[in-house]
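Input: a single structure, listed below in structure tokens.
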2 protein chains.
Amino acid sequence: MLNRVRSAVAHLVSSGGAPPPRPKSPDLPSAPSPQTAAPPEAPRSPPARAGSGSAAPAKTVEARACFSRPTFLQLSPGGLRRADDHAGRAVQSPPDTGRRLPWSTGYAEVINAGKSRHNEDQACCEVVYVEGRRSVSGAPREPSQGQGLCFYYWGLFDGHAGGGAAEMASRLLHRHIREQLKDLVEILQDPSPPPLCLPSTPGAPGSSDSSHLVGPQSCWSSQKEVTHESLVVGAIENAFQFMDEQMARERRGHQVEGGCCALVVVYLLGKVYVANAGDSRAIIVRNGEIIPMSREFTPETERRRLQLLGFLKPELLGGEFTHLEFPRRIQPKELGQRMLYRDQNMTGWAYKKIELEDLRFPLVCGEGKKARVMATIGVTRGLGDHNLKVCSSTLPIKPFLSCFPEVRVYDLTQYEHCPDDVLVLGTDGLWDVTSDCEVAATVDRVLSAYEPNDPSRYTALAQALVLGARGTPRDRGWRLPNNKLGSGDDISVFVIPLGGPGSYS
Amino acid sequence: MLNRVRSAVAHLVSSGGAPPPRPKSPDLPSAPSPQTAAPPEAPRSPPARAGSGSAAPAKTVEARACFSRPTFLQLSPGGLRRADDHAGRAVQSPPDTGRRLPWSTGYAEVINAGKSRHNEDQACCEVVYVEGRRSVSGAPREPSQGQGLCFYYWGLFDGHAGGGAAEMASRLLHRHIREQLKDLVEILQDPSPPPLCLPSTPGAPGSSDSSHLVGPQSCWSSQKEVTHESLVVGAIENAFQFMDEQMARERRGHQVEGGCCALVVVYLLGKVYVANAGDSRAIIVRNGEIIPMSREFTPETERRRLQLLGFLKPELLGGEFTHLEFPRRIQPKELGQRMLYRDQNMTGWAYKKIELEDLRFPLVCGEGKKARVMATIGVTRGLGDHNLKVCSSTLPIKPFLSCFPEVRVYDLTQYEHCPDDVLVLGTDGLWDVTSDCEVAATVDRVLSAYEPNDPSRYTALAQALVLGARGTPRDRGWRLPNNKLGSGDDISVFVIPLGGPGSYS
């Protein structure tokens with residue numbers, strides 16, 4: 001299955017020409033990464049929106065192993081086999097020799113305990129150079145080094161129903177972000193407020209008389225202030241959408257399987273942007289204090305958005321589901337009785353008389369990790385899932401899923417960080433069995449055992465977090481020290497130092 | 001105009017029979033209130049949802065003065081004239097003689113500076129007795145004193161485009177809340193978890209074979225925990241909806257003018273429920289600390305909900321508006337250029353090429369107090385507005401407005417309150433020129449000048465807050481001590497003591 005996904009990736013990557021010039025300045029480490037191994041990249045036109053018909057025919061590429069791990073792990077064939085071993089569940093990290101990840105980032109992962117065939121988590125860590133597409137004045141400009149922007153990038157992609165979407169996102173999402181930032185290269189480096197309007201692209205219609213289309217006359221004479229920061233947020237948001245639309249296009253030829261949650265960090269011009277679509281989580285641990293940098297998107301946290309959609313577009317429920325929520329399944333014999341319910345506008349509960357259509361299955365049901373949309377999927381944001389259908393039905397679920405992340409911004413310049421201040425990213429395999437406070441305690445315990453300038457301390461911390469969530473095999477299961485079951489899910493963790501020896505360089 | 005609204009009110013109030021038995025227990029003060037002056041009330045069937053056709057023909061009632069103020073102000077004809085004087089702007093409070101408001105609540109108000117013809121704010125302060133409709137087992141039960149529930153109620157209603165909706169809501173919303181609570185009387189007094197399902201009402205269909213309507217088979221075997229608190233929240237939410245639906249029905253016969261924001265406090269069984277729909281605001285000042293108890297609903301804070309609705313239901317935009325947001329008005333000559341925009345899923349901004357349909361007027365535009373939906377209305381939640389149309393158009397705005405409040409809960413039993421701890425409710429006339437911190441400073445300054453057990457201190461505080469926001473006439477305007485303009489709007493303030501001499505009794 002994976003080779004079909006790989007074909008899709010190769011098609012996108014090879015549909016252009018020469019790679020963008022990488023600056024040789026010392027602040028751009030060339031750490032090993034999945035992208036390093038990819039074929040040279042061509043200048044491409046900006047990704048088109050779905051329906052614009054820009055998808056080109058697929059090209060065949062060589063077959064690959066039936067599963068892959070991030071290339072920064074530098075796994076040998078034997079290491080790759082160990083990484084795929086559900087019985088041993090060895091914790092994998094980049095080797096302690098050779099080049100480190102940017103900022104001395106720590107990383108560790110472990111495969112699930114037989115939950116799915118392969119590890120469906122994927123990861124990416126990259127330094128990305130953005131060359132401006134053209135000057136603000138609209139004139140095409142000569143490519144020249146040193147005028148572009150550089151961002152640091154970390155991504156965790158937790159796949160479900162197949163590894164294809166996570167694999168594709170891990171290889172391409174940062175390129176979509178780069179594409180979105182191309183128009184902003186000069187603007188972001190200019191301290192004056194961003195221009196609200198830019199000149200037209202060559203050949204576009206200029207002025208024409210369309211005054212008949214103008215709505216009611218307005219007393220709206222002012223204009224909004226738009227910050228540089230909000231342009232980066234908009235670029236990341238649109239990159240997620242373009243990535244999702246590309247998956248929709250490519251799946252037709254290449255069957256991009258399943259979907260994935262995406263948790264992404266972009267460091268650009270002094271600020272950390274944390275974008276989350278799904279149920280992964282990011283926290284900053286700073287001087288022992290916990291700063292949440294994301295929230296999870298699940299059928300429970302997004303209940304009202306989902307119900308509103310079902311209420312406004314009942315055709316999406318296909319006559320099989322009701323948008324109302326009930327605290328338990330209604331039995332047909334209860335018709336006419338009065339049951340507690342919640343509508344899309346309610347946070348409280350009230351009683352209603354049970355009518356025939358209330359016997360339909362609820363759009364949102366269950367609690368906690370068992371909560372589901374249309375009895376099928378437990379996350380409500382992410383990339384992919386374009387083929388996902390309700391079990392034993394042809395009803396599509398994708399209309400209820402959102403590909404848009406919530407982006408939170410953290411200004412690194414507002415605080416003097418020490419080497420023990422870290423940003424921790426983890427897939428739900430970590431957080432299902434580990435609280436924020438337990439992570440903060442592990443941060444303190446592990447980092448204090450290492451010299452502050454020892455760059456291997458962050459990998460040691462990532463490994464400790466993964467080991468602590470996985471547990472050890474005992475009493476017919478993977479168990480934690482308190483004898484509770486550890487996480488049987490794939491677990492992937494990044495530890496990004498905010499004041500470490502390699503940070504910001 | 002008001003007499004038409006009054007007719008509507010009288011119709012509702014007179015459509016039943018005997019008043020509910022008021023307990024004679026000493027914990028139910030019979031403070032003067034608007035409702036005291038209303039005709040005796042009959043037992044009514046629960047309010048029906050819109051479209052259920054339960055509206056009865058209107059009855060004529062006596063004509064009234066062309067504006068009214070809360071009866072607890074006990075205004076004489078001369079006082080009523082002073083209250084309607086836009087030039088003098090006298091601050092009005094209940095008289096310091098006779099019965100006080102429950103809990104020794106403080107209240108003050110002032111009319112606007114010629115902004116509208118009359119004061120469109122209304123207020124209500126009531127003690128409401130709820131008699132259970134029937135026992136949980138479904139059997140009708142004998143009315144008997146002492147088995148019911150009692151709640152304390154405060155409401156501020158800030159009207160716009162006429163005073164009818166605010167007037168009607170101030171007289172009826174707490175009755176809708178009582179109606180919703182009738183089914184819960186026994187349940188809320190029983191410490192065991194609420195039953196998820198209640199027996200059918202007599203004559204309702206019992207069991208029937210409807211298994212063909214049941215959706216996909218479920219692994220959903222558990223049931224949700226529903227708290228007593230969430231039942232009260234649901235009752236308040238539905239009461240707002242029933243109130244709004246009643247306005248929709250009654251306006252046909254009686255032209256309920258305009259709409260209103262509603263900020264309501266219910267104290268029931270140890271908890272304070274603050275329900276807000278609009279741009280009024282509630283804060284608790286406790287030991288000098290500020291605890292926000294509401295948030296404002298405006299075109300800015302609800303931008304994404306509004307845009308999503310316009311995106312999903314473009315027919316509501318009538319070809320006159322675009323759901324996209326732009327930072328300023330686009331000129332027709334800018335067609336083809338690239339303008340910053342935000343779509344419904346975005347918090348950041350990005351550039352897009354301006355196309356013909358982008359020249360339509362934006363659904364949401366402007367900033368701060370000038371922000372508008374469809375270039376018309378500056379609040380996005382509240383009651384009424386069923387007749388509101390876009391200027392110079394027949395396009396209705398009501399589909400974009402929500403009548404549902406956000407309800408926040410504060411447990412009074414979790415903290416030992418002192419007489420200086422207060423809940424402050426104010427219409428936007430207060431908050432437009434007064435920050436939360438300034439209110440907290442005034443609370444400290446005024447209350448410390450009175451003995452803790454002096455019940456008049458809360459009215460003095462409400463007056464100080466209104467005076468501080470109104471200012472004094474100077475330099476051709478009402479000005480604050482810093483020479484800035486004071487609020488020219490109607491200003492109404494409740495100060496509810498949380499640990500005062502009369503609280504909870």
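Just so we're clear, the structure is a prediction, and the values are computed from it rather than from any experiment. Chain letters run A, B, ... following the sequence lines, proteins first, then strands; residues in each count from 1.
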Self-check item: Shortest non-hydrogen contact between A/Asp183 and B/Arg338, atoms and distance
Solution: OD2-NH1, 3.1 Å
Quiz item: Which heavy atom in B/Tyr351 sits nearest to a heavy atom in A/Pro195, and how many Å separate them?
Solution: OH-O, 2.6 Å
Qualifying residues under side chain to side chain donor-acceptor pair (under 3.5 Å), relative to [X], sequence neighbours excluded:
X: A/Arg304; answer: none
X: B/Glu406; answer: B/Arg295, B/Arg408
X: B/Glu300; answer: none

Exercise. Return the option, out of A/Asn345, A/Val407, A/Leu184, A/Leu340, with the maximum number of heavy-atom pairs under 4.5 Å with chain B.
Key: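 If we count pairs closer than 4.5 Å to chain B, A/Asn345 comes out on top.
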Quiz item: What residue, out of A/Leu309, A/Leu312, A/Leu196, A/Ile354, has the most heavy-atom pairs lying under 4.5 Å from chain B?
Solution: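 Heavy-atom pairs under 4.5 Å are most numerous for A/Leu196.
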Taking the side chain as everything from C-beta on, heavy atoms only, tell me whether [X] gets closer than 4.5 Å to [Y].
X: B/Leu308; Y: A/Leu308; result: yes
X: B/Pro199; Y: A/Gln337; result: no
X: A/Arg328; Y: B/Lys224; result: no

Quiz item: So what's closer than 4.5 Å to chain A heavy atoms on B/Glu325: side chain, backbone, both or neither?
Solution: side chain
Quiz item: Does the pair A/Asn238 and B/Met346 meet the rule for a side chain to side chain contact (heavy atoms under 4.5 Å, CB included), with working shown?
Solution: CA-CA 8 Å; A/Asn238 273 346; B/Met346 297 169 70; 4.0 Å; yes
Quiz item: So which residues of residues 225-235 of chain B are in contact with chain A at a heavy-atom cut-off of under 4.5 Å?
Solution: B/Glu225, B/Val226, B/Ser230, B/Leu231, B/Val233, B/Gly234, B/Ala235
Quiz item: Can any side-chain N or O of B/Glu237 pair as donor or acceptor with the backbone N or O of A/Thr347 at less than 3.5 Å?
Solution: yes
